[in-house]
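Take a look at the structure set out below.
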Amino acid sequence: MWRNDVKDFMNKIKPNILYKDIEISFNIKDSEYKLKVKLNRPDLIYGITYILIPKSIENLSSKVAIHPLTNEEIPIIVEVINEPKAGIPAHIEEDYLYAKRKKLPIKQVIMPINASLDENKPREDKEWKYRENVVLIVKHWSEEKYLYIKYKHQKWQCFISGGVDEGETPCVAAIRELREESGYTSIKNIEELPFKMANVFYAAHKGVNRYSTVTSYYIELANDIKDIISVEEQDEHELKWATKEELYEILKNGFTDQIWLLKQQSNEINAYTGQGKYINSDILNDMENQEDALNKICKYIEEL
């Protein structure tokens, strides 16, 4: 879908970011104390997963804050800082690195939307279909290589992917797609990557425009045992293995969004700092304009 490299791909979904300082008040569980924290990205408020406080108020370190909009319990951690700070690891780089180090939750609240701009761009004369997809980064059982598929009837080389059927969870769909497209069934480890994304394109083989939400999984195989795949799958593609560096070149030809996923899994890319569609954000869900989201959330907080 995308012919540019991953930097160009990221630039397309990373326009200028707006900032607006606002002070948020957190109640403290089992306490009458209220903790005030400044935010310069109020539109990310639903992504707060921890709060850092200076030693001057370390009496709060054994307590938890209550998120003012979700009522979630937020851990409070004492650090050498001058004032309280809310951690939003999914979308602020330093917060992401801290959360990974401390094994704290990472909650995505902005999802990148990747629109195809080449021959696969959406067509005005075709209907739209929504689909929930999974993409699989499959690790070899003994080598530092990853599985990809080379299509026989299209110029596609990419990771295994597929749709989530009705009644399935994305994780179940991932395991099913692995079995159907590769035959591998022995999984040592399966891990959902922290970031979802959306792809917008024209699916020529289906004759419809697609809006697909993608959940990605890292799967480490336990061994080389596999079943025979169907004749239809064998006719459609062949299985290949490549190193990470080789895949960066292979995926350039149409699937730079999957390079982004691979770099995330390898910790070469951390927080998602661009714009996109708001998710996991209650009143902001499905909004795509950051200025509108900022105005809406600030007004909402002021009226609490």
Side-chain angles (χ1 to χ4, degrees), residues 6 10 13 44 46-50 70 72 75 87-93 95-114 130-141 144-149 158-182 184-199 211-222 244 247 251 255-274 276-281 285:
V6 72
M10 291 302 294
I13 55 178
L44 302 180
Y46 291 96
I48 296 171
T49 61
Y50 65 87
T70 67
E72 295 172 304
I88 307 174
H91 306 289
I92 297 176
E93 190 78 6
D95 296 354
Y96 180 94
L97 297 174
Y98 185 88
K100 291 290 284 187
R101 222 169 37 243
K102 298 286 188 177
K103 298 183 178 179
L104 296 166
I106 297 172
K107 181 182 178 182
Q108 182 185 15
V109 293
I110 294 182
M111 176 177 67
I113 301 175
N114 319 315
Y130 171 79
R131 193 184 195 196
E132 188 175 6
N133 278 13
V134 291
V135 171
L136 316 183
I137 299 175
V138 181
K139 166 77 168 52
H140 194 276
W141 53 92
E144 290 301 315
K145 292 186 177 181
Y146 300 87
L147 183 67
Y148 72 99
I149 54 179
C158 56
F159 291 133
I160 291 174
S161 65
V164 179
D165 292 340
E166 186 175 352
E168 280 187 323
T169 65
C171 186
V172 169
I175 295 170
R176 174 181 54 76
E177 288 290 344
L178 176 66
R179 182 183 67 251
E180 290 178 354
E181 297 202 19
S182 74
Y184 289 112
T185 57
S186 299
I187 296 175
K188 180 179 178 181
N189 179 50
I190 181 168
E191 174 186 337
E192 181 179 339
L193 299 186
F195 295 97
K196 294 180 182 291
M197 64 181 180
N199 289 330
Y211 183 106
S212 65
T213 301
V214 178
T215 303
S216 305
Y217 289 88
Y218 169 72
I219 297 175
E220 187 175 352
L221 296 177
K244 181 176 62 177
L247 279 166
L251 295 172
F255 293 89
T256 50
D257 58 313
Q258 294 189 0
I259 297 178
W260 183 65
L261 295 174
L262 182 56
K263 283 180 174 288
Q264 284 184 352
Q265 193 279 323
S266 303
N267 293 319
E268 294 177 53
I269 294 177
N270 299 313
Y272 174 65
T273 57
K277 176 176 285 191
Y278 289 84
I279 61 174
N280 301 320
S281 296
N285 281 342

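Please read all numbers here as calculations on a predicted model, not as lab measurements. Position 1 is the first residue of the sequence; numbering continues from there.
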Expected output: side-chain [X] to main-chain [Y] donor-acceptor under 3.5 Å:
| X | Y | value |
| --- | --- | --- |
| Ser266 | Gln264 | no |
| Asn280 | Gln108 | yes |
| Thr169 | Val172 | yes |
| Glu177 | Val134 | no |
| Asn133 | Val164 | no |
| Asp95 | Gly87 | no |

About how many Å separate [atom2] of [Y] and [atom1] of [X], when rounded to the nearest 0.5 Å?
| X | Y | atom1 | atom2 | value |
| --- | --- | --- | --- | --- |
| Leu261 | Tyr218 | CG | OH | 14.5 Å |
| Tyr148 | Phe255 | OH | CZ | 13.0 Å |
| Ile269 | Leu262 | CD1 | CG | 9.5 Å |
| Ile113 | Lys277 | CD1 | NZ | 5.0 Å |
| Glu181 | Ser161 | CD | OG | 6.5 Å |
| Ser281 | Met111 | OG | CE | 11.0 Å |

Output side-chain donor-acceptor pairs under 3.5 Å for residues 186-193, partner residues at least two apart or in another chain, one line each.
unit_1, atom_1, unit_2, atom_2, d
Ser186, OG, Asn223, OD1, 3.1

Residue pair [X] / [Y]: nearest heavy atoms and the distance that separates them:
| X | Y | result |
| --- | --- | --- |
| Pro89 | Ala271 | O-CB, 3.6 Å |
| Thr70 | Glu72 | OG1-OE1, 2.9 Å |
| Ile106 | Pro194 | CG2-CB, 4.4 Å |
| Tyr96 | Asn267 | OH-OD1, 4.1 Å |
| Val109 | Leu44 | CG2-CD2, 3.9 Å |
| Ser182 | Ile160 | CB-CD1, 3.9 Å |

Side chains of [X] and [Y], heavy atoms from C-beta outward: is any pair under 4.5 Å?
| X | Y | answer |
| --- | --- | --- |
| Tyr146 | Leu247 | yes |
| Trp260 | Pro112 | yes |
| Tyr217 | Ile175 | no |
| Gln265 | Lys139 | no |
| Leu178 | Leu221 | yes |

Q. How far apart are the C-alpha atoms of Arg176 and Asp165, what are their side-chain angles, what is the distance that settles it, and do they pass the side chain to side chain contact (heavy atoms under 4.5 Å, CB included) test?
A. CA-CA 10 Å; Arg176 174 181 54 76; Asp165 292 340; 3.5 Å; yes
Q. Relative to each other, are the rings of Tyr272 and His91 parallel, tilted or perpendicular (30° and 60° limits)?
A.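 It falls in the perpendicular class, over 60°.
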Q. With Lys145, which residues qualify under side-chain hydrogen bond (donor to acceptor under 3.5 Å, both in side chains), at least two apart?
A.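 Expected list: none.
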Q) Of all residues at least two apart in sequence or in a different chain, which pass the ring-ring contact (aromatic ring centres under 6.0 Å, His included) check with Tyr46? A)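 For Tyr46, no residue satisfies ring-ring contact (aromatic ring centres under 6.0 Å, His included) once neighbours in sequence are set aside.
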